[in-house]
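Everything on this sheet refers to the single structure shown next.
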Amino acid sequence: MSVSSDHDVLIVGAGPSGGIAAKHLAEAGFSVVCLEQGEWTSPDQFHGDKPEGELMDRQRWHWSPNHRLIEADYPLDESGSDVGVAMYNGVGGSTVLWGANWHRLAPSDFRVRSLDGVAEDWPLSYEDLLPFYEETEAAMGVSGHDGDPAYPAPMRYPNPAFPIGIAGQHLARGMNKLGWHWWPGSNGMPSRPHRHLASCVRLGVCSKGCPEGAKAEAGRVFWSDAMAAGARLVTGARVREILIDGNGLATGAVYIDRSGVEHVQKAKVVILCANGIGTARLLLLSRSGRFANGLANSTGLVGRNLMLHPVSAVVGTFPDSIESWVGPGGMSIYSMQFYETDASRGFVRGAKWALMPSGGPLSIHSGLAGAPLERGWGAAMHRKMRRLGRNAVWSIVGEDLPNPENRVLLDTEMTDSDGVPGVKIQYRIGENEKRLKAWHMDRAAESMLAAGALETLKVAVTPHSGGHLLGTARMGDDPARAVTDAYGRTHDVPNLHIYDGSLFVTSGGVNPTATICALAARCVQHLIANRRNEKVAA
Amino acid sequence: MSRFTAEQRQVFGALADILIPEAEGMPSATSVGVADDLLDRVANLRSDIVGDLLRVCRVAATQDPQAAIGKIRAEDEEGFAALALAVAGGYYMSDPVRRLLGYTGPERRPVATDAPDDFGALLDPVIRRGHIYRSV
């Protein structure tokens with residue numbers, strides 16, 4: 001086993017939070033090393049702009065690591081879960097395959113205990129996070145339309161919104177008939193060339209990897225700057241344990257390279273950015289005499305309160321083509337009309353609807369989705385395929401309240417290619433969430449009909465849509481009720497930090513990448529500003 | 001070298017034409033090359049399903065194609081999934097099929113920097129209604 005020289009900071013995971021941390025730290029003069037189990041991707045590896053795109057989406061660029069079968073992934077036992085998990089392991093993390101929906105949490109999201117009597121309040125407010133939202137929106141080249149009344153003013157974006165297209169115009173007119181809120185989509189891709197990003201050309205294939213180099217993928221946005229500032233990124237490096245000294249301080253990590261050789265990477269400060277499942281996995285793997293239940297887990301909360309945001313969908317079929325495969329994909333429009341709590345609906349909190357491209361022939365092929373032969377194939381298939389380009393899809397992300405029984409556990413039976421235990425996902429959709437989904441799908445179907453749809457289809461949980469990996473090491477001021485403080489420092493290990501989606505106290509009802517980025521920016525700038533107070537191993 | 005013999009292609013084609021026959025103004029699977037060049041293309045792109053396809057062809061070689069499809073579907077979930085993906089995946093990569101459907105596939109549609117937006121007046125009622133977020 002080799003031992004690498006001491007760095008100021010070790011980051012585990014090269015996704016958006018790791019990239020933001022590395023960029024800030026390296027530019028502030030820290031020596032930074034990041035261990036990433038996956039590899040780089042480049043635009044020419046993606047097939048979304050080619051006829052074979054949909055064929056490849058179902059394996060090499062599948063959202064589920066269990067389908068991709070690449071070495072960087074670890075197995076997930078989802079037999080105890082109501083939804084399949086989506087993630088990507090590599091430089092850029094899940095932004096490689098994200099749909100680039102960019103949304104801030106709303107002010108009420110930070111106060112759900114105070115306002116609605118459920119879950120916990122966050123240890124920070126919308127206003128605390130606001131400058132960091134703005135900072136990361138500038139970095140990511142977010143495109144959107146200023147002034148959305150679903151958020152406090154000012155609500156401005158660095159790039160103008162994309163055209164909403166034929167599908168967006170249809171749905172917008174329907175929403176106007178009903179008097180409901182809608183707004184042009186805010187997307188993590190620039191409508192004009194923006195720093196390291198090309199201008200988006202609306203291929204509509206964001207969630208299968210961007211062949212254009214336009215989507216705000218964290219490798220492109222943050223790691224190029226971080227490495228230019230001196231950060232060292234080691235790919236193919238699977239961390240299996242965080243090391244702790246006799247004083248209970250982190251000293252580095254053990255990792256395995258792609259030839260199977262173990263290494264020790266030493267560092268004065270360790271930051272985990274391995275996503276809401278990977279970070280919990282690593283903490284639970286790092287057991288010792290001092291931390292018998294896993295690292296930073298004196299509360300027993302590590303791995304618990306997993307929130308996945310299983311996505312619901314409502315499809316409307318229109319009489320004529322609405323070019324529903326055209327991007328951004330990304331969303332053309334969204335609605336926050338029913339985002340806030342109204343107790344008369346029978347549930348608390350709410351959801352955001354996003355109008356997404358409906359994909360190509362394989363995406364709408366009912367035979368491939370398991371329909372019987374007589375309905376999914378033959379002449380019936382040809383008839384159904386006439387809907388291609390005529391389907392609009394509301395993708396519905398609803399609040400997923402924390403439940404300690406929804407959790408990440410180690411799986412000693414299924415291991416990754418290095419023999420490190422995989423993960424069991426224990427996740428059930430709660431009663432509040434079921435009522436929320438049903439109510440929102442009904443309203444979304446109404447809006448489709450108001451927009452002129454001939455028929456609608458509701459899907460309560462779309463396959464492999466559990467891609468928002470949140471809550472498994474939540475932040476909070478009380479060390480008895482939270483894993484980290486309000487700046488991501490673990491309460492149990494003073495020089496061990498967490499900057500990823502694990503920190504979320506509640507999920508909100510919007511896509512979380514904006515908040516993951518803003519939290520990471522806030523946490524790392526606090527660490528830098530307070531560097532002299534950081535307790536480190538001798 | 002081809003991964004499929006002429007006999008295997010014949011078996012595969014017979015199954016493919018049951019799944020995708022000529023109907024509703026659309027051509028059959030084999031008439032657009034699903035058992036020929038498109039099968040090679042699918043196999044090259046998705047080598048992970050070739051083993052399943054060869055197994056399906058073995059099972060179907062000695063049976064009536066309609067009966068074979070029923071049997072494979074009932075007894076070999078992975079085999080049927082591979083068959084279905086190879087048939088549909090190949091068929092919808094075919095240029096003539098795409099033309100008949102009016103499907104261009106993803107196309108580059110850059111936004112001109114000086115292009116006017118396409119939603120301005122539509123937003124007016126939303127803006128007139130004012131803020132909808134919950135104050136804290």
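The model shown is predicted, which means the values in this text are computed figures rather than measured ones. The chains referred to below are lettered A, B, ... by the order of the sequence lines, with proteins before strands, and numbering in each begins at 1.
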Side chain, backbone, both or neither: which part of [X] has an atom under 4.5 Å from a heavy atom of chain A?
X	answer
B:Pro21	both
B:Leu100	backbone
B:Val97	neither
B:Arg134	both

Return the option, out of [options], with the maximum number of heavy-atom pairs under 4.5 Å with chain A.
options	answer
B:Asp95, B:Thr104, B:Asp17	B:Thr104
B:Ala84, B:Ala81, B:Gly105, B:Gly25	B:Ala84
B:Val126, B:Asp117, B:Leu123	B:Leu123
B:Arg46, B:Arg73, B:Arg98, B:His131	B:Arg46

Quick one: what part of [X] sits under 4.5 Å from any heavy atom of chain B, side chain, backbone, both or neither?
X	answer
A:Pro152	both
A:Leu368	side chain
A:Tyr151	backbone
A:Ser108	both
A:Thr341	both
A:Ala106	neither
A:Leu55	both
A:Glu52	both
A:Leu115	both
A:Tyr126	neither

### Message
Taking atom CD as the centre, does B:Gln63 end up with more than 12 heavy-atom neighbours from other residues, nucleotides or ligands that are less than 6.0 angstrom away?
### Response
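For B:Gln63, atom CD is crowded (more than 12 foreign heavy atoms under 6.0 Å).
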
### Task
Decide if atom CD of A:Gln45 counts as having more than 12 heavy atoms of other residues, nucleotides or ligands within a radius under 6.0 Å.
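Atom CD in A:Gln45 is crowded, with more than 12 foreign heavy atoms closer than 6.0 Å.
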
Among [options], residue most engaged with chain B (heavy-atom pairs, under 4.5 Å):
options	result
A:Pro107, A:Gly327, A:Pro163	A:Pro163
A:Gln59, A:Arg111, A:Met381, A:Arg60	A:Gln59
A:Gln337, A:Arg173, A:Glu323, A:Met336	A:Glu323
A:His365, A:His47, A:Glu212	A:Glu212
A:Ser191, A:Pro184, A:Ser199, A:Ala172	A:Pro184

### Query
So how far is it from A:Trp325 CH2 to B:Glu107 CD, rounded to the nearest 0.5 Å?
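Spacing of CH2 (A:Trp325) from CD (B:Glu107) equals 7.5 Å.
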
### Query
In Å and rounded to the nearest 0.5 Å, what is the CG to CZ distance from B:Leu101 to A:Arg387?
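Those atoms lie 14.0 Å apart.
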
### residues 86-94 of chain B: residues contacting chain A (heavy atom under 4.5 Å, by number)
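Result: B:Ala88, B:Gly89, B:Tyr91, B:Tyr92, B:Met93.
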
### A:Lys384 and B:Glu24 ion-paired at < 4.0 Å
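Here A:Lys384 does not pair with B:Glu24 in a salt bridge, since their nearest N and O are not under 4.0 Å apart.
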
### Message
Between B:Asp48 and A:Arg68 (salt bridge meaning N to carboxylate O under 4.0 Å), is one present in this structure?
### Response
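The answer is no: the pair does not qualify as a salt bridge.
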
### Which atom of A:Ala379 lies closest to which atom of B:Ala23, heavy atoms considered
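That closest heavy-atom pairing would be CB-CB, 3.9 Å.
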
### Query
What heavy-atom pair brings A:Met56 and B:Leu45 nearest, and what distance separates the two atoms?
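That would be CE-O, 3.5 Å.
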
### Task
Please check if the side chain of A:Arg202 supplies one atom and the backbone of B:Arg109 the other of a donor-acceptor pair under 3.5 Å.
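Yes: the side chain of A:Arg202 pairs with the backbone of B:Arg109.
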
### Query
Counting only N and O atoms by type, is there a donor-acceptor contact under 3.5 Å from the side chain of A:Arg192 to the main-chain atoms of B:Thr113?
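Judged by distance alone, yes, a pair lies under 3.5 Å.
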
### Task
Starting from the C-alpha separation in whole Å, work towards a yes-or-no answer on side chain to side chain contact (heavy atoms under 4.5 Å, CB included) for A:Leu203 and B:Arg108.
CA-CA 6 Å; A:Leu203 287 165; B:Arg108 287 174 168 76; 4.0 Å; yes

### Check against side chain to side chain contact (heavy atoms under 4.5 Å, CB included), B:Leu19 and A:Leu373
CA-CA 8 Å; B:Leu19 293 175; A:Leu373 288 175; 3.9 Å; yes

### Working for side chain to side chain contact (heavy atoms under 4.5 Å, CB included), residues A:Trp377 and B:Ile69
CA-CA 12 Å; A:Trp377 297 94; B:Ile69 285 209; over 6 Å; no

### Task
Go through the steps for B:Tyr133 and A:Asp148 under the test side chain to side chain contact (heavy atoms under 4.5 Å, CB included), then give the verdict.
CA-CA 10 Å; B:Tyr133 66 87; A:Asp148 181 1; over 6 Å; no

### Task
With chain B as the partner chain, list the residues of residues 174-181 of chain A whose heavy atoms fall under 4.5 Å from it, by residue number, and write 'none' if nothing qualifies.
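If one takes a 4.5 Å heavy-atom cut-off, the residues of residues 174-181 of chain A near chain B are A:Asn176, A:Gly179, A:Trp180, A:His181.
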
### Message
Is the distance between the ring centroids of A:His145 and B:Phe119 under 6.0 Å?
### Response
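So the answer is yes for these two rings.
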
